[in-house]
Amino acid sequence: MTQSSTQPGTTADVEEALPAFRYTATLAADIERRWQDRWESEGTFHAPNPVGPLAGPVDDRPRVFVMDMFPYPSGSGLHVGHPLGYIATDVFGRFSRMAGANVLHTLGYDAFGLPAEQYAVQTGQHPRVTTESNIATMRQQLRKLGLGHDPRRSISTIDPDYYRWTQWIFLQIYNAWYDEDAGKARRLSELEAEYASGQRPTPDGRAWSALSGVERAELLDAKRLAYVAEAPVNWCPGLGTVLANEEVTADGRSERGNFPVFKRNLRQWMMRITAYADRLLDDLELLDWPEPVKLMQRNWIGRSHGAHVDFAVSGVEGASVRVFTTRPDTLFGATYVVLAPEHPLVERVVAGAWPEGVDERWTGGAGTPREAVEAYRTRAARETEEERTSDTREKTGVFTGTYAVNPMNGKPLPVFIADYVLMGYGTGAIMAVPAEDTRDYDFAEKFGLPIVRTVQPPEGFEGGAYTGDGATINSEFLNGLSRVEAKERAIARLEELGSGSGTTTYKLRDWLFSRQRYWGEPFPVVYDEDGRVVPLPDSMLPVTLPEVSDYSPRTYDPDDAESMPEAPLSRAAEWLEVELDLGDGPKTYRRDTNTMPNWAGSCWYHLRYVDPVNTEQVVGPENERYWMAPRGGDDTVGGVDLYVGGVEHAVLHLLYSRFWHKVLHDLGYVSSSEPYHKLFNQGYIQAYAYTDERGVYVPAAEVEEQDGKFLYHGSVVNREYGKMGKSLKNSVTPDEMAETYGADTLRLYEMSMGPLEVSRPWETRAVVGSFRFLQRLWRNVVDEASGTTVVSEEPADEELRRLLHRVIDGVRADYAALRFNTAGAKLIELNNALTKRGGPAPRDVVEPLVLMLAPLAPHVAEELWARLGHEGTLAYEPFPEADPALLVEETVTCVVQVAGKVRDRLEVPPSITEDELRELALATEGVRRTLGERGVRTVIVRAPKLVNVVPA
RNA sequence: GCCCCCGUAGCCCAAUCGGCAGAGGCAGCGCUCUUAAAAAGCGCCGAGUGUGGGUUCGAGCCCCACCGGGGGCACCA
């Protein structure tokens, strides 16, 4: 926060006064640059593959595949929050390497994206130019952090050699279908063969040979996992593109830009992710992921088991209302039925006149049901979706004058229309069970409808809808059953009666895969003169983007719901029309003017990291097996060993990526059935920001704290807490931290701030603590004045060795469990012990200390290791191992409690028996004094560490 | 409204199985070095764990309720 001009080691004239070999920022910079150059020129972090261009000796080392979530190369530069996860994965990767593993760790760029395109729209600069320059800047910034990446594997999604395979995967998905019986995707050619042989009957029973070419194509198209459909999509005029459901917020706006989104029917590419709903849900169990992320995916997929139930409508021949319910167990509690106002059945069921004695509340004040219904429908049509789904509004609706029949008991149920039932959900009609559904309860209360409890609420239940579990009541043959049992029995009865069937529904919808954008992957298909899709052969990939003069899609007034998408590619006339010979001789085809969404490239990059320069295959099977195959035991799905990133990708990226990976698995291209085995959500580094009395942000670096107040140039400012960024004037960059202290200090500090998963505030003035530690360690090896190595060759004494081995033991466990904050603390503790001891530090302690520090602060560790007389990098030096003999204490402090309060302590051998310890404890002064005249009820002994005497 | 996560010293954070509340760092204070200041070094100071109950010989840890902070979902039938 407060930054004076006299930070350690920055000012030249200060440095003159310092010892020549003190570990200053200048010295750190020199060390860091030297080692970064050396790692690069020696290929220190190249990870060998078993086969292919990157093949090398993999020996029988265990594999560890570490990944960071794909960054978008932003032009605005990094702040200290960005590399938090990258440093963490690097520490883990470096530790794993020293622990003997072959470690695959690299970082590529998710480089298609809106910012570069928007910049192109504004300036006319090609997004590729912008993006490549941003990547170069980001690479340079990250290089200064000393990340142990394999640079040969750093790919970028805008690279034609990369998106060639994105397009190839698209075609595999296009040419696949989901075989429900096999529970997996298969090639479409197999479906065609089954139809042709008659093994699989066609939907209308005609022989395959009797179908026309177009009919056959349509049958196959209907099954494809990637398909073109006229579908209601989220059209966002303000952005000029359509959006996936996941990109639209709950209040019907674009996640990016916050523009209104409208439902439009448009022909677009869709991905049949719904075919995988069950597996995406069920396989979550097999993943080592944070529970909240699993929960979010479960909610998003939204599987619910229930039933479709048909309610016959009395007086209307052949009409029945089909509803979906998740609670068929409550059918006896249904007391009315509601149709959405737009429901097509409304016309048919509306009665000619009100029944005798109709409740006035039900009529909307109209003379006939038809008038009431028409008035209500007109009103509902005028309302926006947002208004209709607002949860605070009063329930409204009108009676249709008609009754439906409950199939369970033949009771008549009045049929209403009400806007709280939406045409877009389920069947657009519900059976209302007010006793067990809060919305239905509110409606029933207002309209004076009966409320019949069918689930026994717990004692003391206050009233209202009871949505919890309980025994079924008032339900004839279901009485006494649990919810699950009652559901099963009710469904069985419905099926017997022919009035319904058990059904599973999902909230998950198919994935809208077209975007009206320039800066994305073109679709590897063309359209013939009839507008039919023709996939391009592999030999024509990649389909590259044409040069255009205008990068913008046509955008409209954000509220112009009637506008139509117009993609930038539609203006590239020469690219659009293409003459190709696709087997029927040269013909003119038309290309697809849409591009793929940003998620496409990030759906499979883990596979390309494994085999980045394979020109023959998306990934070599042997290499994929080596790095990603299931390990056996608990691991039946395989995947990346550690995947670190923010929780914001919980649904979108992680769901799409799992889907693609499963398709590739089903089609036999990969052995793993999940992309990311272990997921870890890092916290964020946040920062304080300050506003003056006008509410304008002032530079946080110039704010000073005084007596609990925050002063900017003398005047009091208001403190806020939030994201780090330019607009809040509170950014701190890794570059400035590296300049002031060195990258090792920055790495160490970021890892020391707390557990990786926890968000924490950045505090610049605290960084110096990590710096001081490195200085003290440096001084334990190097004489500051002469630069000579000063360690002692005398073996360390027993006490120090015991401490060393305790630290080794703890640090190893900490690193393995990603507890880098406590690992760092233990290293400081050991170094402090060396310092406190005085005199030259013994080599047999210093060397393991340097090795243990290496994952956190690799440059200074390499430098010290070299000064200690070793040649070559320490990156592959075995990580120190604790000697179990030295972990056993000679004596243990035993706590002696009376009634749970500490009253005395004993020094005892760790091997002491319970009986011996009990005797010793009862004899202590503390116990005798505290106990006084009271007797002893019982004595709890936890040898050798604790005795608790319980007085009578 | 429902669901999930988190509350330990002025601040960031430790605390294996329920067993002495403190590993580490920042800040503060004192001292050493220094003409002085900074840097560096050495030392000191510090909470009874958000609140109220419960279980237990014993609770920061387990259970219940509440308060505060963060996140997700939301008329999903």
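Note that this is a predicted model, so its numbers are computed, not measured. Chain letters run A, B, ... following the sequence lines, proteins first and then strands; every chain starts at 1.
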Return the polar atom pairs (N/O with N/O) between nucleotides 23-33 of chain B and the protein under 3.5 Å, or none.
| from | atom 1 | to | atom 2 | distance (Å) |
| --- | --- | --- | --- | --- |
| B:A23 | O2' | A:E829 | OE1 | 2.8 |
| B:C26 | OP1 | A:R772 | NH1 | 2.5 |

Heteroatom pairs (N/O) under 3.5 angstrom, protein to nucleotides 56-65 of chain B:
| from | atom 1 | to | atom 2 | distance (Å) |
| --- | --- | --- | --- | --- |
| B:C57 | O2 | A:N948 | ND2 | 2.1 |

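When the C1' atom of B:A74 is taken as reference, atom CE of A:M296 falls 15 Å away, rounded to whole Å. Atom CZ of A:R760 is separated from atom P of B:G7 by 14 Å (rounded to the nearest Å). Rounded to an integer number of Å, the gap from CH2 of A:W300 to C1' of B:C73 is 10 Å. One atom, CD of A:E291, and another, P of B:C4, lie 11 Å apart when rounded to the nearest Å. Following rounding to the nearest Å, A:E436 (CD) and B:C2 (C1') show an atom-to-atom distance of 18 Å. Rounding to whole angstrom units, CG of residue A:L295 and P of B:C5 are separated by 9 Å. Put simply, CD on A:Q682 is 16 Å from C1' on B:G70, counting in whole angstrom units. We find that CG of A:L652 is positioned 12 Å from P of B:G72, with the value rounded to whole Å.
Under the Watson-Crick or G-U wobble criterion, with both distances below 3.5 Å, B:G30 is paired with B:C42. The partner of B:C17 is absent, by the rule that a Watson-Crick or G-U pair needs both atom distances under 3.5 Å. In this structure, B:U49 makes no Watson-Crick or G-U wobble pair, since no nucleotide meets both defining distances under 3.5 angstrom. Using the Watson-Crick or G-U wobble rule with both distances under 3.5 Å, B:G68 pairs with B:C6. Pairing for B:U55 is absent, judged as Watson-Crick or G-U wobble with the two contacts each under 3.5 Å. Partner assigned to B:C75 is none, using Watson-Crick or G-U wobble distances below 3.5 angstrom.
A distance of about 34 Å separates the P atoms of B:G19 and B:C2, rounded to the whole Å. Annotation: B:G1 and B:C11 have their P atoms spaced 31 Å apart (nearest Å). Atom C1' of B:C12 sits at a distance of 28 Å from the matching atom of B:C17, rounded to the whole Å. Distance check on atom P: B:G50 versus B:C6 gives 13 Å, rounded to whole Å. Distance noted for atom P between B:C26 and B:G72: 35 Å (whole Å). Comparing B:G10 with B:G46, their P atoms are spaced 12 Å from each other, to the whole Å. Only the C1' atoms considered, B:A23 is 34 Å distant from B:A65, to the nearest whole Å. B:A14 and B:U8 are spaced 11 Å apart, taking the P atom of each and rounding to whole Å.
Taking the syn range as angles within 90° of 0, the glycosidic angle of B:C17 is syn. Glycosidic torsion of B:G48 falls within 90° of 0, placing the base in syn.
Taking every side-chain heavy atom of A:L946 into account, B:G19 is the closest of B:A40, B:G19, B:C4. When distances are taken from the side chain of A:F324 to each of B:A14, B:A77, B:C75, the shortest belongs to B:A77. Of the listed nucleotides (B:A77, B:G41, B:C73), B:C73 has the atom at the smallest distance from the side chain of A:K507.
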Could you walk me through whether A:K294 and A:E291 pass the salt bridge (charged side-chain N to carboxylate O under 4.0 Å, His left out) test, one step at a time?
CA-CA 5 Å; A:K294 290 187 181 183; A:E291 272 312 312; 3.8 Å; yes
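Nearer to the 5' terminus of RNA chain B, by closest-nucleotide assignment, is the contact made by A:V647 (compared with the other of A:T326 and A:V647). Between A:I430 and A:P761, the one whose closest nucleotide on RNA chain B sits nearer the 5' end is A:P761.
Taking the centre and axis of the six-membered ring of A:Y506, the NZ or CZ atom of A:R303 falls outside the cone set by 45° and 6.0 Å. Because its NZ or CZ atom is not both nearer than 6.0 Å to the ring centre of A:F443 and within 45° of the ring axis, A:K395 does not count as a cation-pi partner of that residue.
Here OG of A:S770 is found 9.5 Å from CE of A:M753. Values are rounded to the nearest 0.5 Å. Between atom NZ of residue A:K826 and atom CG of residue A:D809 there is a gap of 9.5 Å, rounded to the nearest 0.5 Å. A:T835 OG1 to A:F773 CZ: the interatomic distance, rounded to the nearest 0.5 Å, is 9.0 Å.
With A:T893 as the partner, the side chain to side chain donor-acceptor pair (under 3.5 Å) test is satisfied by one option alone out of A:R905, A:E907, A:K945: A:E907.
Contact annotation for A:R439: base contact, defined as any heavy-atom pair under 4.0 Å involving a base atom. At a threshold of 4.0 angstrom between heavy atoms, the contacts of A:V758 are confined to the sugar-phosphate backbone, with no base atom among them. Across all strands shown, A:P951 has no heavy atoms under 4.0 Å from either base or sugar-phosphate atoms. As judged by a 4.0 angstrom heavy-atom cut-off over every strand, A:T893 is placed among the base-contacting residues. Contacts of A:T835 with the nucleic acid, taken as non-hydrogen atoms under 4.0 Å apart, involve only primed sugar atoms and P, OP1 or OP2.
Between A:R322 and A:D310, at least one side-chain N (NZ, or NE/NH1/NH2) sits under 4.0 Å from a carboxylate O, which counts as a salt bridge. A salt bridge links A:R779 with A:E784; the closest basic N to acidic carboxylate O contact falls under 4.0 Å.
With hydrogens and angles ignored, a donor-acceptor pair closer than 3.5 Å exists between the side chain of A:K395 and the base of B:C75.
When every heavy atom of A:R802 is checked against every heavy atom of A:V888, the shortest pair comes out as NH1-O, 2.6 Å. Considering every non-hydrogen atom in both A:P407 and A:L494, the closest pair reads CG-CD2, 4.1 Å.
Ring geometry for A:Y690 versus A:Y688: interplanar angle of 30 to 60°, hence tilted. Classification of the A:F416-A:Y336 ring pair by plane angle, with boundaries at 30° and 60°, yields perpendicular.
Phosphate contact (OP1/OP2 of B:A40, side-chain N/O of A:R22, threshold under 4.0 Å): absent.
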